[in-house]
Amino acid sequence: MKLHQRINMKIKLCILLCAACLGESHGITLSEIEAQLQDKNADLKLSEYKLGFDREQVTGTKALNFPSLTLNAGLSTGKDQESTVSPYSSSSSTGVGGGPDLTGSTTSSNAVVVERDSWSSDLSMSYVLFSRFNISANVNSAKNTLRASELSHNAAAIEKRAQLYQLLLEISALREMQGSLERASQVMGRVREQRQKSQNLYGKGEQLQLDTKYYELEYQKARLGGGLIMAREALKDLVPGLKSEALEKTPTIKINYELPTLEKIQDRYQRDNYEIENMNLTIDTYRGYRESTSWERPWVPSVMLSSSYSKSGGFDGDDPSNDYRASIIFSFNVFDGFQTAARRA
């Protein structure tokens, strides 16, 4: 019975030791480091913010293709006969990415006229029927800007991932060299101890050579230790938030890469180089602007539809009055100081 209890105790102890060893050997994985790099790296976060801003720019520029509705209301009292209230508007119809401004806006900013001791309301709608293709040029520019931001973000992510792999490879190589030097230092230490015991037999000259080699190994160990600390600090800067135990147990990686042929390298460079695609996007943007400016002639108007419905009344109980109006506005760019001609050049 006692023998059986001893065997069970030994088995439990072995299980606990194995579990402890497994727990100690478990470190952060490469996928976890990559996910933390994507979430915490400051350059990548800034690139994501810019990407979101450019995505909203596309949505805002497309809004010019739709009509705008504005509701204004006002109350007035005092000695003046009437009061004019100009509504506040934060919208803008300027060109995106340096493109031409729109002649005619989809935003209505009609002033509200309110008589003394009365109220007034106004619902207005405006819609650009023909903008001489300025809106389409601005939408195309916003889309190209968004695509360029996506390319820049992908390139930054690839660059940061390459830096991560380079640091992990460096740390793996340093740890491997450190282990080799540690084993060599232990062997050299045992040899020194044996030779010190038999110093009279071998003489001091050989002992001095052993001491020199031993301290050279210790010096190289110290240099490797310093290099390992610097590599881990660089990894901490690249991936903020890594814990100290994770830095001590980074994964060991190896990269096997088969060098492709020159033809494949050229094809991949032409297909995947983001700088070439970014240049093509810039060319497409200014081609769209040039096509839109070709319509900006003194005899080609921009056309805008405007309509409104207003209602007003007094505080003394009189019946309210209403009014409505609709108009089509033709805007001819007769002369703008040669600005349009300069854009067409």
Working for side-chain contact (heavy atoms from CB on, under 4.5 Å), residues Ser131 and Ser302: CA-CA 5 Å; Ser131 65; Ser302 62; 5.6 Å; no

Take a 6.0 Å sphere around [atom1] of [X] and say whether it holds more than 12 heavy atoms from other residues, nucleotides or ligands.
X      : atom1 : answer
Phe53  : CZ    : no
Tyr165 : OH    : yes
Glu176 : CD    : no
Glu182 : CD    : yes
Phe335 : CZ    : yes

Nearest atoms (heavy-atom pairs only) where [X] meets [Y]:
X      : Y      : value
Arg325 : Ser310 : NH1-OG, 4.4 Å
Lys311 : Trp119 : O-CZ3, 3.5 Å
Leu167 : Ala231 : CD2-O, 4.1 Å
Arg132 : Pro301 : CG-O, 3.9 Å
Phe332 : Trp299 : CE2-O, 4.0 Å
Val239 : Leu164 : CG2-CD1, 4.3 Å

Check: Thr145/Gln57 side-chain N/O donor and acceptor closer than 3.5 Å: no

Just so I know, are the side chains of [X] and [Y] near enough to count as touching, which here means a heavy-atom distance under 4.5 Å?
X      : Y      : answer
Thr61  : Ile135 : no
Val58  : Val139 : no
Leu51  : Leu146 : yes
Arg223 : Gln220 : yes
Leu238 : Leu37  : yes
Val128 : Val303 : no
Thr282 : Met279 : no
Met304 : Phe330 : no

[X] side chain vs [Y] backbone, donor-acceptor pair below 3.5 Å:
X      : Y      : result
Gln36  : Gly241 : yes
Ser141 : Ala137 : no
Glu32  : Thr29  : yes

Set of side chain to side chain contact (heavy atoms under 4.5 Å, CB included) partners for Ser172, sequence neighbours left out: Arg175, Thr252

Presence of salt bridge, Glu48 and Lys45, under 4.0 angstrom: yes

side-chain contact (heavy atoms from CB on, under 4.5 Å) evaluation trace for Trp295 with Phe130: CA-CA 11 Å; Trp295 285 85; Phe130 180 63; 4.1 Å; yes

Candidate pair Leu235 and Leu168, rule side-chain contact (heavy atoms from CB on, under 4.5 Å), full reasoning: CA-CA 8 Å; Leu235 182 60; Leu168 291 178; 4.2 Å; yes

Separation of Leu169 CG from Leu174 CG (nearest 0.5 Å): 11.0 Å

Derivation of the side-chain contact (heavy atoms from CB on, under 4.5 Å) call for Leu281 and Leu151: CA-CA 11 Å; Leu281 291 172; Leu151 293 173; 4.1 Å; yes

Pairs touching residues 137-161 that satisfy salt bridge (Lys or Arg N to Asp or Glu O under 4.0 Å), sequence neighbours left out: Asp43-Lys160, Arg147-Glu150, Arg147-Glu277

Listed once per pair and sorted, the salt bridge (Lys or Arg N to Asp or Glu O under 4.0 Å) pairs that draw on residues 49-62, sequence neighbours left out: Lys50-Asp54

